[in-house]
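This report concerns only the one structure given below.
No hydrogens, no waters, no symmetry mates; every other heavy atom, side chains included, goes into these values. The sequence lines fix the lettering, A, B, ..., with proteins before strands; numbering per chain opens at 1.
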Protein chains: 2
Amino acid sequence: MILSLDLDSDAPIYQQIRDRIVEAIASGHLVEGSSLPSTRQLAVDLGINFHTVNKAYDLLRREGMLRINRKSGALVQRDARSGPPEPGFTAEWETRLRTLLAEAVAHGAGDPAVLDSCRSVLTSFTSPASDSPAPASRKRAELGAEQGDSTR
Amino acid sequence: MILSLDLDSDAPIYQQIRDRIVEAIASGHLVEGSSLPSTRQLAVDLGINFHTVNKAYDLLRREGMLRINRKSGALVQRDARSGPPEPGFTAEWETRLRTLLAEAVAHGAGDPAVLDSCRSVLTSFTSPASDSPAPASRKRAELGAEQGDSTR
DNA sequence: GCTCTGTTATAGCCTTTATAGAACAGAGCG
DNA sequence: CGCTCTGTTCTATAAAGGCTATAACAGAGC
């Protein structure tokens, strides 16, 4: 996994980075305690400015997904097995879910078709779709492109 | 239904208008053929500029949800019973669904909890939650606030 | 003729996005 | 110690997006 970005997309780059990391956590490619590349390193790999990566990491930190220290860098704070979400998150998330599902229904998708899509997405997270779901020893997992590990 | 906006939200106003109309179509408050208020009228009711409403309507037109003529104004083009969505829509929609569901899973929500939320949202559309689901005779339905009908 | 409609154009102001350069302190390592 | 990498903070810039504002035009209904 290389954290593919679409520079032609209308979605901001920092938002795309944030979304890809969230999906990596949901699919188990990143687990609680996994360390992410440094902002400068990931910026070099993606060919973008390190401030943009910093913005994505800071957004994930404010969402409670990352824990960032000066010594250990960015560590994954939560994953699918970290316990139920906070009530405040669920309420805000369901309003966005309502808007997204309304879009499908308004376009003519029936309830069974929508639920099938939801089930299909959820199973794509839990089942080993593409890669192995990140053994615990892997650090800097699958994000930092081709160079080896931390000592550089 | 008054199309409530949140001017303090970080979401753009035209996006909020678009979302509320999509949800109104999904819940049956607006059906195929329903006419929406004019851009100028809705702008006055909401206390915003009519260009902002125009942007929301134009976005809905490009998404295939509205049909806009100079004579009849903005009419609902699709609703839940207008047939299945185009394949191109489904593919793009599922990528957004994937990001949204990944967020819930990463925060610790289990698959059953996520699917329950989806089911709950879908039934809130089909079941008569608050108002009556728009009898066919109503035009300018529930959107233009307190004044009566088209003749003004 | 009058009014309302959608449509288009221009302009200004503010925020956001992404870039860039610079500097600082803490930590690890030879 | 010097060197390097780290996160953090600051300032600055150019580009794009969001919202408002004013104006003008043509089609439709009364």
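- In the set D:dT22, C:dA23, C:dT7, C:dA23 carries the atom at the smallest distance from any side-chain atom of A:Arg40.
- Annotation: of the two residues near DNA chain C, A:Phe50 and A:Tyr14, the 5′-most nearest-nucleotide partner is A:Tyr14.
- The side chain of A:Lys55 contributes no N or O atom lying less than 4.0 Å from OP1 or OP2 of C:dA18.
- The partner of C:dG26 is D:dC5, judged by Watson-Crick or G-U wobble contacts that both fall below 3.5 Å.
- Considering all non-hydrogen atoms of both residues, A:Met65 and B:Ala106 come closest at CE-CB, 3.4 Å.
- Salt bridge B:Arg61/B:Asp58: present, at least one basic N to carboxylate O contact under 4.0 Å.
- Backbone-only contact: A:Asn69 has heavy atoms under 4.0 Å from sugar-phosphate atoms and none from a base.
- When each of C:dT8, D:dT6, C:dG6 is scored by its nearest atom to the side-chain atoms of A:Gln41, the top-ranked nucleotide is D:dT6.
- Checking D:dC30 for Watson-Crick or G-U wobble geometry (two distances, each under 3.5 Å) identifies C:dG1 as its partner.
- Relative to the side chain of B:Ile68, the nucleotides C:dA18, C:dG6, D:dG18 differ in distance, and C:dG6 lies closest.
- Here the side chain of B:Asn49 is nearest to one of D:dG18, D:dT22, D:dT9, namely D:dT22.
- Put simply, the side chain of B:His51 and the base of D:dG18 share no donor and acceptor less than 3.5 Å apart.
- Between A:Ser38 and the phosphate of D:dT6, there is a side-chain N or O to OP1/OP2 separation shorter than 4.0 Å.
- Considering only the side chain of B:Thr52, D:dT20 comes nearest among D:dT20, D:dG27, C:dT19.
- You won't find any donor-acceptor pair under 3.5 Å spanning the side chain of B:Arg70 and the base of D:dG27, going by distance alone.
- Checking D:dA28, D:dG7, C:dA9 against the side-chain heavy atoms of A:Thr39 singles out D:dG7 as nearest.
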